[in-house]
Amino acid sequence: MGWRVDVVSKLTAELLRRSGVPEEKVRALLQAFGGSAMMPLYSAANEIIRDMRGQPFAEFRIGPPRNFGVEAAPANLGYGPGMCGRYTIHSSPSLIAERFGVTGSLPNFEPRYNAAPLQQLPVIRFNSETKERRLDLLRWGLVPSWAKDPTIDSRMINARQETVRTSGAFKTAFAKRRCLVPTDAFYEWKKLDAKTKQPYAIAMADQSLFAFAGLWEGWKNPATQLWEHTYTIITGEPNAVAAPIHDRMPAILPPDAWGQWLGEEEASPDELAALLKPYPAEAMTAWPVHRDVGNVRNDRPDLIERLNSA
DNA sequence: CCAGACGTTGTT
DNA sequence: GTCTGG
DNA sequence: CCAGACGTTGTT
DNA sequence: GTCTGG
């Protein structure tokens with residue numbers, strides 16, 4: 001809110017300096033354009049300039065500031081941003097297949113040390129017709145079947161355990177399309193102060209392969225008429241290992257819950273929801289890792305190594 | 001009935 | 001698709 | 001999750 | 001700030 005007032009006054013001053021338009025008129029025009037976004041305000045300012053002058057537009061163009069100049073929030077020590085938005089899956093397809101009892105042909109994929117949203121990543125689903133578990137590559141970021149705008153995907157990378165049963169975006173998938181997301185570790189960013197954050201890896205203490213609780217959906221691309229499959233990872237309360245780093249963590253399912261979650265065994269909605277409790281902290285561990293994991297273009301084995309200087 | 005929403009993270 | 005709000 | 005982009009016009 | 005892309 002405050003930023004908008006600042007931008008409006010800045011643009012007002014700039015308009016007066018450049019075009020000599022009466023201040024009242026400038027203010028009225030900027031108000032009329034309204035809106036809550038930053039860029040439309042700049043567009044509005046440029047509209048005003050265009051209406052006033054007959055000179056080449058480019059010379060009068062107003063651009064957004066390089067730094068949008070928002071005051072930094074006070075430090076919130078102990079808790080920081082970050083929850084299931086990045087993980088690793090460097091186990092081989094055949095090892096994943098063995099551990100999860102997957103049958104049939106396997107997809108090929110390289111070891112991933114910085115798996116990120118919108119990427120094709122391995123997911124385990126139960127095929128009720130053939131009665132077998134399958135391993136497929138799906139895109140991370142759930143697009144509901146009814147979505148008109150598929151760019152919603154980057155905001156649907158997680159589903160909250162507390163609302164997943166009832167929210168319109170997830171309820172059908174919760175009832176009919178649950179999946180397991182194989183992983184070796186996930187990353188969290190702990191906020192150290194207003195400008196600094198430290199990424200951590202969190203994994204099983206014995207470094208074994210495990211599984212997030214996931215949901216998947218199909219969306220028919222109107223341009224290609226092809227069905228695209230996407231998935232999301234459910235988040236919930238953190239356990240004692242994750243809590244010092246963040247206030248959420250992905251729901252992790254132990255092997256004895258896989259059958260129910262995949263729909264191989266009967267389970268009521270209450271029983272399914274009960275599976276999404278925090279995974280026992282005793283079995284897990286966390287360690288600091290290199291800041292390079294922040295950039296999705298980095299994907300190297302050393303990203304998962306312990307950082308000693310943190 | 002139709003229109004419109006449907007989500008996550010984080011912040012103060 | 002399905003549900004709520006008007 | 002983090003990183004990075006983010007708007008417009010008309011004339012030459 | 002908000003939004004998209006990876």
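Labels below follow one simple rule: chain letters A, B, ... track the order of the sequence lines, proteins then strands, and each chain is numbered from 1. Just so it is clear, the values below take in all heavy atoms, side chains as well, and ignore hydrogens, waters and symmetry mates.
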Rounding to an integer number of angstrom, what distance separates [N] and [M] when you compare their [atom1] atoms?
N	M	atom1	answer
E:dG1	B:dT12	C1'	15 Å
D:dC1	B:dT11	P	9 Å
B:dT9	C:dC3	C1'	25 Å
B:dT8	D:dG4	P	27 Å

Is there a side-chain polar atom (N or O) of [X] under 4.0 Å from OP1 or OP2 of [N]?
X	N	answer
A:T235	B:dT9	yes
A:S167	B:dC6	no
A:R155	B:dT9	no
A:T172	C:dG1	no

About how many Å separate [atom2] of [Y] and [atom1] of [X], when rounded to the nearest 0.5 Å?
X	Y	atom1	atom2	value
A:T232	A:R160	OG1	CZ	12.5 Å
A:L275	A:K277	CG	NZ	6.5 Å
A:R178	A:L262	CZ	CG	8.0 Å

May I ask you to say what [X] touches in the nucleic acid, namely base, sugar-phosphate or nothing, with a heavy-atom cut-off under 4.0 Å?
X	answer
A:A147	nothing
A:S154	base
A:F170	sugar-phosphate
A:T232	nothing

Of the listed nucleotides [options], the one nearest the side chain of [X]:
X	options	answer
A:K197	D:dA3, E:dG6, B:dC6	D:dA3
A:R86	C:dC3, B:dT9, E:dG6	E:dG6
A:M156	B:dG7, D:dC1, B:dT8	B:dG7
A:S145	B:dG7, C:dG1, D:dC1	C:dG1
A:N158	B:dT8, D:dC1, E:dG6	B:dT8
A:R248	C:dT2, B:dT9, E:dT4	B:dT9
A:W146	C:dG1, B:dT9, E:dT4	C:dG1

- [ ] Output yes if the stacking criterion (under 5.5 Å between centres, under 30° between planes) is met for A:W189 over the base of D:dC1, else no.
- [x]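 Answer is no, no stack.
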[X] [atom1] to [N] [atom2], straight-line distance once rounded to whole Å:
X	N	atom1	atom2	answer
A:I152	C:dG1	CD1	P	16 Å
A:I234	B:dG7	CD1	C1'	13 Å
A:K148	B:dA3	NZ	C1'	10 Å
A:F186	D:dC1	CZ	P	14 Å
A:D153	B:dG7	CG	P	16 Å
A:Y87	D:dC2	OH	C1'	16 Å
A:D149	B:dG4	CG	P	17 Å
A:E188	B:dT9	CD	P	12 Å

TODO: Check whether any side-chain heavy atom of A:P107 sits under 4.5 Å from a side-chain heavy atom of A:Q120, and report yes or no.
DONE: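 In short, these two side chains do not touch, never coming nearer than 4.5 Å.
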Task: Interface with DNA chain D, restricted to residues 293-305 of chain A and to heavy atoms under 4.0 Å - done: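 Within this stretch, A:G294, A:N295, A:R297 sit under 4.0 Å of the strand.
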Determine whether more than 12 heavy atoms belonging to other residues, nucleotides or ligands lie under 6.0 Å from atom [atom1] of [X].
X	atom1	value
A:R112	CZ	yes
A:Q225	CD	yes
A:D149	CG	yes

Task: Pairing pattern in dot-bracket form [Watson-Crick, G-U; both distances under 3.5 Å; | = partner strand] for DNA chain B - done: ||||||......
TODO: Name the orientation class of the two ring planes belonging to A:Y113 and A:H90 (parallel below 30°, tilted from 30 to 60°, perpendicular beyond 60°).
DONE: parallel
TODO: Please work out whether the ring planes of A:F210 and A:F186 are parallel, tilted or perpendicular, with thresholds of 30° and 60°.
DONE: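 Geometry flag for A:F186 against A:F210: perpendicular rings.
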Open item on the list: Checking A:D206 against A:S208: is there a side-chain donor and acceptor pair closer than 3.5 Å?
Closed with: yes
Open item on the list: Taking A:E132 first and then A:R134, would you say they form a salt bridge - that is, a charged N and a carboxylate O separated by under 4.0 Å?
Closed with: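 Result for this pair is yes, salt bridge flagged.
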Task: Check: A:N221 side chain, A:L226 main-chain N or O, donor-acceptor pair, under 3.5 Å - done: no
